[in-house]
2 protein chains.
Amino acid sequence: MENKQTARQGDMRKAILDAAMRQFGAQGYEGASLQAIADEVGIAKPSLLYHFDSKNRLRKAVLESLLDHWKNELPGLLSNADSEHDRFTSTITALVSYFMEDESRARFALREALDRPAEIRGLIKKHLTPWIALVTDYIRLGQRLGVVKQNVNPEGYIIQVMTMAIGTVALGHVSAALFGRDRALSKEDIIGEMVRVGREALFVNPMAPNKDR
Amino acid sequence: MENKQTARQGDMRKAILDAAMRQFGAQGYEGASLQAIADEVGIAKPSLLYHFDSKNRLRKAVLESLLDHWKNELPGLLSNADSEHDRFTSTITALVSYFMEDESRARFALREALDRPAEIRGLIKKHLTPWIALVTDYIRLGQRLGVVKQNVNPEGYIIQVMTMAIGTVALGHVSAALFGRDRALSKEDIIGEMVRVGREALFVNPMAPNKDR
DNA sequence: CCTACCGATCGGTAGG
DNA sequence: CCTACCGATCGGTAGG
């Protein structure tokens, strides 16, 4: 009862963050106006600035909500796996599912990397570096075990997989229609081929069953 | 002599197109102002609108300059190759070189796909469809010859390679610093790993010498 | 190619 | 959470 007001404010903040992510993702930060975001939420523009002091702070809050998700998700993802193949499959599935669940996430993340490379580089370094290092360690372990190809460049490989995952989702509406109706591709086809490419490039035996050691 | 004036105007148009591509690529279409573009060229804003009737027409002219390059380049690229491996190497090298030569090209292309998916889809369909169909035909030929893996989805594969090529160049400044100084990656490392990923996912024998039939 | 200028919209503030 | 309003900047025009 004492936090009824707080709960309502929390709901409103979440509604604003959702609308902002969609608008920023679709129109870009400069292209999206506070007016359009306020309209989508159903409030007046100054009311929006009561919850977030400025457009820039609103953007940072959206960014933070993405980072928080992965800071909570990554630890479990990387430890709960019985084999290298499982680890690859569950990690890339979680990565792609998260962005496909709401494509605005992929578009927003891609735009931020284009608009503010220095800031995004700093955020990644600060929040994601230990987890990325863990992935490269696993790849090197796989190489010693003979499960992962020797010619894989672990750091470069991670960049390619992340670029494919975010890029494929963010550009889905463009690329799916690259071919005539007769050769139309479903989202599942595109994602499936992405996983296949990542798998073939990584594993000595890409089609190995679940257990590999 | 009679076209001295025309030559000067052509030079000015080219200077404006260059500045516009850099500004659009770095700041986005909405984020880049005509004033900033005019400043970079060293003329007044209304002078810019004498050469291009509106900001939107200037954007379309930049887009057209990218498409024209590939409409001229692709025919030669796809026919001048002695083997499937050569075709893959020369095509992906040309693709990546073109974007690396001026990274604004990759950023601008990526932003346009995000900002105006319907328009870009239409442009690709109109200008690039026959060449893309030729590439899928080559992949299917390679599969019949036993050079290309049977589980490749030709359409999906092309999407992944294009996403990797454009995304890797456009996001180079962000991704290169994902790792500490001790594991720093050069552009060549990143591009090399991209080519390796594409090759391993495509060929039955990724390390085959030049001739394969 | 320039100076001078236009209406519209932007992010943000005052005050309640 | 709202109405009313601000200065700054936007793309674009008039006129030379």
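By convention in this document, chain letters (A, B, ...) are assigned in the order of the sequence lines, proteins followed by strands, and residues within each chain are numbered from 1.
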Subject >> Distance, rounded to the nearest Å, where B:D11 contributes CG and C:dC1 contributes P >> reply: 10 Å
**OP:** Anything below 3.5 Å on both distances counts as a pair; with that, list the stems of at least three consecutive Watson-Crick or G-U pairs involving DNA chain C.
**Re:** C:1-16 with D:1-16
Subject >> Close side-chain approach of B:I92 to B:M194, heavy-atom, < 4.5 Å >> reply: yes
Original post:
Once each nucleotide of nucleotides 5-16 of chain C is scored for protein heavy atoms under 4.0 Å, what B/S/- sequence comes out, 5' to 3'?
Top reply: -----SBBB---
**OP:** Please work out whether the ring planes of B:Y157 and B:F88 are parallel, tilted or perpendicular, with thresholds of 30° and 60°.
**Re:** tilted
**OP:** Please say whether more than 12 non-hydrogen atoms of neighbouring residues, nucleotides or ligands are located less than 6.0 Å from CZ in A:R140.
**Re:** yes
Original post:
Are side-chain heavy atoms of B:P75 and B:W131 found at a separation under 4.5 Å?
Top reply: yes
Subject >> side-chain hydrogen bond (donor to acceptor under 3.5 Å, both in side chains) partners of A:R22, counting only residues at least two apart >> reply: A:E40
Subject >> Side-chain heavy-atom pair B:V135, B:L78 within 4.5 angstrom cut-off >> reply: yes
Subject >> Close side-chain approach of B:N151 and A:E200, heavy atoms under 4.5 Å >> reply: yes
**OP:** Hey, can you tell me if B:Y98 and B:W70 have their rings parallel, tilted or perpendicular (30° and 60° cut-offs)?
**Re:** perpendicular
